[in-house]
Amino acid sequence: MSNIKINPQALEAINNYSIDWDNIGFGKCMAPTMIVADYNNGKWGDLEMVPYGNLTLSPTCKVFHYAQEIFEGMKAYRVDRNGPLLFRPYENAKRFNISAERMVMPTLNEDLFVESVKVMAAHCKDFIPTKTGESLYIRPFMFATEEHLGIKPADQFKYMVLASPSGAYFSSDSITIQIERRYTRACPGGTGYAKTGGNYAASLKAVKEARERGFDQTLWLDSEHKRYLEELSGMNIFCLINGELHTPAMTESILDGITRRSLIDLAKSYGITVHESKMDIDELIAQIQNGSCTEAFACGTAAIITPIGGFGETDGKKYELKESFGPIASKLRDGLLSIQEGRTEDPFNWIVDLSKL
Ligand SMILES: Cc1ncc(COP(=O)(O)O)c(C=O)c1O
C-alpha cells in the first residue's frame with residue numbers, strides 16, 4: 001500500500017505528455033507531474049501526486065524573505081531499458097534531514113522521502129532517457145510557507161518532488177576552474193554542509209565573474225586562510241597526485257557528496273589509494289607544474305565525473321593538467337556509470353531497482 005495519494009489528473013497529465021527528446025538539456029524539461037505535501041500544526045499532511053503546475057503563495061511566505069529552504073538532487077536511470085534504477089536514495093533522505101535540522105525545518109521520515117522519489121520515478125518511467133549519461137533528474141525540496149514577515153523559524157512548510165528528463169550537465173568534455181581567492185561560499189559555523197539555496201546564491205557572483213573570464217566554475221577555498229581546497233559550487237573535487245587520489249577531507253563548510261563517497265569506495269575496490277585530507281592550493285599548483293598531479297576531476301550527481309582541464313587565476317595565470325580526461329577519471333566514470341545504469345554488477349548494493357518492487 002502506497003502512502004502517497006495519486007490524483008487522477010496527474011495520471012491524465014502523464015498520459016497526455018510528449019517529449020522533444022532532441023532538446024531535453026539539463027533541468028529544463030519538466031515531467032508532467034509532481035508531489036506535494038504540507039506541514040502544519042507540527043505534522044506532515046498527506047503526500048499527493050498532482051499534475052505539474054504553478055503554485056499560488058502569499059508574498060509574505062518566509063521562504064521569500066529569509067530563505068528557509070532545502071533541496072536534494074538525485075537521478076533515476078533507465079539505460080538499456082533497465083529499471084528504473086535509483087542510486088543510494090536513502091543517502092539523499094539522510095542528507096535532506098541533516099539540511100532540515102540545520103535550517104530549523106521539520107524532518108521527513110526517510111522511508112516516506114524515498115517512497116516519494118520512487119513514485120515519481122515509477123510514474124515517469126517513460127520519460128527517462130535511455131542513452132548512457134542521461135537520466136531523470138529528481139528534485140525533492142522543502143520551503144517555509146508560513147505567512148509572516150517576522151524573522152523567526154517558520155512553522156508551516158511545503159515538501160515537493162519534481163522530475164526532469166535530463167541530458168549532460170556540461171556541454172564540453174572537460175571544464176576549466178578559476179581558483180576563487182576573493183569570495184567565500186561557506187564558513188565554519190555556517191550552512192555549507194546543508195543543501196540550502198543560500199549557499200548557491202552566495203556562489204553566483206563568483207561563478208558569473210569566473211565565466212566572464214572564460215572559466216566554467218570556481219574552486220572554493222576555506223574562508224579563513226583562503227588556502228585549503230573545499231569544493232566547486234555543485235560538485236566535489238578529486239586530484240590524482242603520484243598515482244594516488246586526493247580529495248579534501250569533509251568539514252562543515254563542504255557538502256558531503258554521495259558521488260564523492262561512492263567514488264572513494266569504488267577507487268579503493270580498484271586498488272587505488274585514496275587520501276581524504278587538507279589540500280593546500282599552492283602545493284597543488286606546484287604539483288601540477290612539476291607534473292606529479294596528472295589528473296583532476298569534479299564529481300556530483302548532476303556532473304557525474306567531469307574532468308578538469310586546468311585551473312587558473314583572475315590575473316590570467318593558467319595551470320594546465322597533462323591529461324584533460326585521464327585514465328583514472330575515465331575508469332572511475334565508466335565504473336560508476338555502469339553501476340548506476342545497471343550495465344554491470346553492483347557489488348556495493350547501491351542500486352534500488354524499481355522494476356523488482
Ligand atoms: C555544493 C555541492 N557539493 C557537492 C555536490 C555533490 O553531491 P552529490 O554527489 O551528492 O550529488 C553537490 C551536488 O549535490 C553540491 O551541490
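Excluded from the calculations below are hydrogen atoms, water molecules and symmetry mates; all remaining heavy atoms, backbone and side chain alike, are included. Ligands are counted one by one from 1 in listed order, and the atoms in each one are counted from 1 as well.
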For Gly300, counting its heavy atoms only, list the atoms of ligand 1 lying under 4.0 Å from any of them.
6 (C), 9 (O), 11 (O)

With a heavy-atom distance limit of 4.0 Å, tell me whether Arg185 approaches ligand 1 through its side chain, its backbone, both, or neither.
side chain

Could you check, using the six-membered ring where one of them is a Trp, whether Phe96 and Tyr90 have ring centers closer than 6.0 angstrom?
no

Purely on distance, is any nitrogen or oxygen of Gly257 under 3.5 Å from one on ligand 1?
no

Got the closest protein heavy atom to atom 5 (C) of ligand 1, with its distance?
Gly234 O, 3.5 Å

Between Phe143 and Phe157, is the ring centre distance below 6.0 Å?
no

Distance alone, cut at 3.5 Å: any donor-acceptor contact between the side chains of Arg88 and Ser262?
yes

Which atoms of ligand 1 have any heavy atom of Tyr200 under 4.0 Å away?
1 (C), 2 (C), 15 (C), 16 (O)

One should read off an interatomic distance between Asp256 CG and Ser99 OG, to the nearest 0.5 angstrom, of 10.5 Å

Give yes or no for whether the N/O distance cutoff of 3.5 Å, strictly under, is met between Arg260 and ligand 1.
no

Please list the nearest protein heavy atom to atom 1 (C) of ligand 1 with its residue and the distance rounded to 0.1 Å.
Ser233 O, 3.0 Å

Counting heavy atoms not belonging to Asn41, are there more than 12 under 6.0 Å from its CG?
no

Give a yes or no on this: more than 12 heavy atoms of other residues, nucleotides or ligands lie within 6.0 Å of atom CG of Asp173.
no

As a check for students: among Asn236, Ile254, Asn92, identify the option with a heavy atom nearest to atom 6 (C) of ligand 1.
Asn236

What part of Arg95 sits under 4.0 Å from ligand 1 if we count only heavy atoms: the side chain, the backbone, both or neither?
side chain

Taking 4.0 angstrom as the limit, do Arg95 and Glu91 come out as a salt bridge?
no

Just go through Glu231, Lys195, Arg88, Glu72 and tell me whose heavy atom is the nearest to atom 14 (O) of ligand 1.
Lys195

Ligand 1 and Thr259, any nitrogen or oxygen pair closer than 3.5 angstrom?
yes

Under-4.0 Å salt bridge between Glu341 and Arg78
no

Residue Thr301 vicinity, atoms of ligand 1 by number, heavy atom under 4.0 Å
8 (P), 9 (O), 10 (O), 11 (O)

